[in-house]
There are 2 protein chains.
Amino acid sequence: MPYRVVVSNELSKLFNVLSHPIRVRIVEELKARELTVTELKDILEISSAATSQQLSHLRSHGIVVENRQGRNVFYHLRKPEIADWITDGLKFIGPDQSEVETMVTAIESARNAWGTASKQKEPPAKKASKRRT
Amino acid sequence: MPYRVVVSNELSKLFNVLSHPIRVRIVEELKARELTVTELKDILEISSAATSQQLSHLRSHGIVVENRQGRNVFYHLRKPEIADWITDGLKFIGPDQSEVETMVTAIESARNAWGTASKQKEPPAKKASKRRT
DNA sequence: TGCTAATATTCAAACATTGACATATATATT
DNA sequence: AATATATATGTCAATGTTTGAATATTAGCA
């Protein structure tokens, strides 16, 4: 099996773990400091069972590491850099696809069409209806 | 609504788009050069309908941009840096959770337990059964 | 023009799968 | 026993993938 397949499989799993808002938040909260399950639960405003489950997710993928201290279990990031890596992802969000993006596309198509210089048949109005929700 | 919630929502959506191996591969393939749907379909060895749908996904999130050229539709990355960002994610994968990670955890727990110096009751063997699949 | 072939997208059905949450129970530590 | 955390279970909905057919879009050509 080609390495590309293997690697994208692994990557997609990583992304999958982070595809839940709560889990993203956990990572971001842990960026600042170690936190116990209870502390997290309070921050996230969810049940402690739910918190444990999400943590279990992150743990099984090596994102976080547990560290029991008496009755409490502290969690921290196995690789703290992941927090910054995640926020770097913000670069690739928005700006609001449906608005700007179709415009960009339209412009590109237009430039291309104008460029090849053939018959032009009312492109603008039709194109606008293609907007996705 | 606190900004943290909003941001992690957005981020989790981004991650969600990339949580499928095919979509990750598409991004990586597009790192090298623009590709048509047919080319992608051949590379990925899936139907063209499937390819279109995955592209539609990526498009609607502003990851890729279409660019029609005659009968073909070329796709490229809206922000080419995303390809590198994704491969950076490899840093946070493995090395094989179940093996190493439980070991690390065990060591940490042990260090802590040894540190606080109380009764030790055969920690290693028990801990090993905690391995996840 | 109008027809056909090539390319790409969409639709809808079928489908599996997942996965999140709550509740309850279990484990560990003091 | 009490606190803190983990897991197990059931349920529920939502989600997402695939396939095949129908529909656009464009090029080339008669």
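Below, all heavy atoms of this structure are taken into account, side chains as well, without hydrogens, waters or symmetry copies. Here is how names work: the chains are called A, B, and so on, in the same order as the sequence lines, proteins then strands, and each is numbered from 1. Values in this document were obtained by computation on a predicted structure and should not be read as measured data.
Relative to the side chain of A:Arg71, the nucleotides C:dT7, D:dT3, D:dA6 differ in distance, and D:dT3 lies closest. Each of C:dT10, C:dC21, D:dA4 was ranked by its minimum atom distance to the side chain of A:Gln54; first place goes to C:dC21. For B:Ser52, the listed nucleotide lying nearest its side chain is C:dT10; candidates were C:dT10, D:dT26, D:dT7. Distances were taken from every side-chain heavy atom of A:Arg68 (C-beta onward) to each of D:dT7, C:dT9, C:dT29; the shortest belongs to C:dT29. Listed candidates were D:dT18, C:dT30, D:dT7. Nearest to the side chain of A:Arg59 is D:dT7.
A heavy atom closer than 4.0 Å to some atom of DNA chain D occurs in B:Asn16, B:His20, B:Arg23, these being the qualifying members of residues 15-24 of chain B.
Looking at B:Trp85, its side chain never comes within 3.5 Å of a backbone N or O of A:Phe92 through a donor-acceptor pair. Panel note: side chain A:Ser8, backbone A:Arg4; a donor-acceptor pair is recorded below 3.5 Å. The closest donor-acceptor contact from the side chain of B:Ser19 to the backbone of B:Asn16 lies under 3.5 Å.
Side chain B:Gln53 to base C:dC11: a donor-acceptor pair is found below 3.5 Å.
Residue B:Ala49 is classed as a base contact, given a heavy-atom separation below 4.0 Å to a base. Contacts of A:Thr36 with the nucleic acid, taken as non-hydrogen atoms under 4.0 Å apart, involve only primed sugar atoms and P, OP1 or OP2. Using a 4.0 Å heavy-atom distance criterion, A:Tyr75 is classed as a sugar-phosphate-only contact.
Between A:His57 and B:Phe74, the residue whose closest nucleotide on DNA chain C is further toward the 5' end is B:Phe74.
Counting to the nearest Å, the C1' atom of C:dA20 and the CD atom of A:Glu45 are 18 Å from each other.
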